[in-house]
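Excluded from the calculations below are hydrogen atoms, water molecules and symmetry mates; all remaining heavy atoms, backbone and side chain alike, are included. For ligands, and for the atoms within them, numbers begin at 1 and follow the listed sequence. All values reported here derive from a predicted model rather than from experimental measurement.
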Amino acid sequence: MRRLFLSITLCASLLCANAQRTDYRVVPLPQRIEYVKGEPFVMSRNTVITYDAQNDKMKRNALFLAEYVAKAAKLNLAVADKSRKEGGEIRLVIDPEIPSAEGYRISVGKKLIIVAGKTSAGVFYGIQTIRKSLPVQSSGEQVVMPAVKISDSPRFGYRGMMLDCSRHFFPVEFVKRYIDLIALHNMNVFHWHLSDDQGWRIEIKSHPQLAQISSKRSGTVIGHNSMVDDSTAHGGIYTQNEVREIVEYARERNITVIPEIDMPGHMLAVLAAYPELGCTGGPYEVGHKWGVYTDVLCLGNEKIYPFLQDIIDELIELFPAKYIHIGGDETPTQKWTKCSRCTKLAREQGINVEDLQSYFTNRIEQYVNSKGKSIIGWDEILGGNLNPSATIMSWRGTEPGEKAALAGHDVIMSPVSHAYFDFYQTKETGSEPKAIGGFLPVQKVYEFNPVSETFSESAKKHILGVQANLWTEYIPYTTQAEYMVLPRMAALCEVQWTAPEMKNFDDFNKRALRLSNLYDCYGYQYARHLWKEKQISTSGVW
Ligand code: ACM
Ligand code: ZN
């Protein structure tokens, strides 16, 4: 009997000898990983994932974990509200004792893994850590999970990625795939850039011409404003049902969708449909070129305000987010200075016509606030007597954000220097897909410090977090969009999540290489400059 027992144990450990092991040092690096005494957990086909049956969000978490394990490790685990004895249990629980709202703890023991979060969102991040710690395998071998205690929580509450769907329209399926990437990197905000000079992208029922006219352009300039037009129609609109579907898809993954309607500049596509809203009355055409157009909304025209309020009303119905992003960047004032309505408004307000934007921003903010929501704007909105309740997205460096934080505004750091993923990732631009320009290697993203050392504690508290942006003037393809954000999103997520004193680029580099196996598993395109062993020819991919 004893001999039989011995040979079974030997057999089991031999099986384990062939099995691959988890590596808990994932991206983003958890704040604390403590290996503990004890035998490892062996994940096998008999392992069951359990959750609190009363809680729908925990059921969704359990299904996510099962899906992730099946995809990476090729093990199909059962999801149940009770455990089975033989294969071990991964138990998902809520633990109100965990201090941070998005924090989680994982403990791995011989027969039981507990993933605990203060909220279901915390549990979701614990699940992301387990998912990324698994080996990517081609058949469902057992996985050995060393005994450990992990406790983790994010550095910042706002961890965002933007996607510009105006310059190029991306299908719903890709928007979901992008949201999957946001989740994989423990981020919680999808900033959706839905309007610009070159295309309007969201159905607004009260103003149907936005879908009929503003969402289509008859051609696109080739290259960097070469003056040669491709004369090929480009367009696309997200219906309100599709928007709801995307918001729900994101919500299930603990991601808030913040819509951006850029105003009062970057509005040429709107003017093409509603020319009476511009200073000259048009005619206007949806933009074909890149850059900044001087035709903007006529702020002296009272009609623009109810028009924008109608749009805001529909956004509020569709997006549960606390914030509406009102853009506000790059608004030339030339047309206002020559417009009798705008100059009259400036005189009445006792301000220079060049300062009309802050009058406009305050008026829009008051409306948004009256609906119980708040605005975010690019840092140009900082002029004038802006209400401190407006949140600033600092893109022209970190200095505007620092100034805003000191003035009492909440701030999201998204500087062109470290967070513009439309820039080249290498100086060898000849072998890259065409980009807008610039140079932003992974390491520079990684080294971004969003909080000035000189800040007072109160100013520090105003830095809500960090976001990177994917502007898509030069990105017509979904594969190219993936290539531009990966692996820079991996570097960004350690800026957003991991304590600065734990960051080390060489160590990150190795961990990101393992993460790239998961990118392969899902068929994502990604830049490989960091890793010789991953380099392939990308010619012909774009
Ligand atoms: C911006 O890049 N114009 C916000
Ligand atoms: Zn005007």
*Taking both backbone and side-chain atoms of D329, is any N or O found less than 3.5 Å from an N or O belonging to ligand 1?*
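Yes, at least one N or O pair falls under 3.5 Å.
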
*Do any N/O atoms on E330 end up under 3.5 angstrom from N/O atoms on ligand 1?*
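There is such a contact, yes.
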
*Assess whether atom NZ of K176 is packed by more than 12 heavy atoms of other residues, nucleotides or ligands within 6.0 Å.*
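For K176, atom NZ is crowded (more than 12 foreign heavy atoms under 6.0 Å).
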
*Any chance NZ of K303 has more than 12 other-residue heavy atoms, nucleotides or ligands included, within less than 6.0 Å?*
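No, NZ of K303 has 12 or fewer neighbouring heavy atoms, counting only those of other groups under 6.0 Å.
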
_Consider side-chain hydrogen bond (donor to acceptor under 3.5 Å, both in side chains). Of E314, E245, E203, which one does Q240 pass it with?_
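Filter result, single survivor: E314.
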
*Counting each atom of ligand 1 from 1 as listed, which ones have a heavy atom of W471 under 4.0 Å away?*
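What qualifies from ligand 1 is 1 (C), 2 (O), 4 (C).
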
*Where is the nearest protein heavy atom to atom 2 (O) of ligand 1: which residue, which atom, and how far?*
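Going atom by atom, the protein heavy atom closest to atom 2 (O) of ligand 1 ends up being Y420 OH, 2.6 Å.
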
_Check ion pair K205-E317 (N to O, under 4.0 angstrom)_ =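 A salt bridge is absent here (no side-chain N lies under 4.0 Å from a carboxylate O).
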
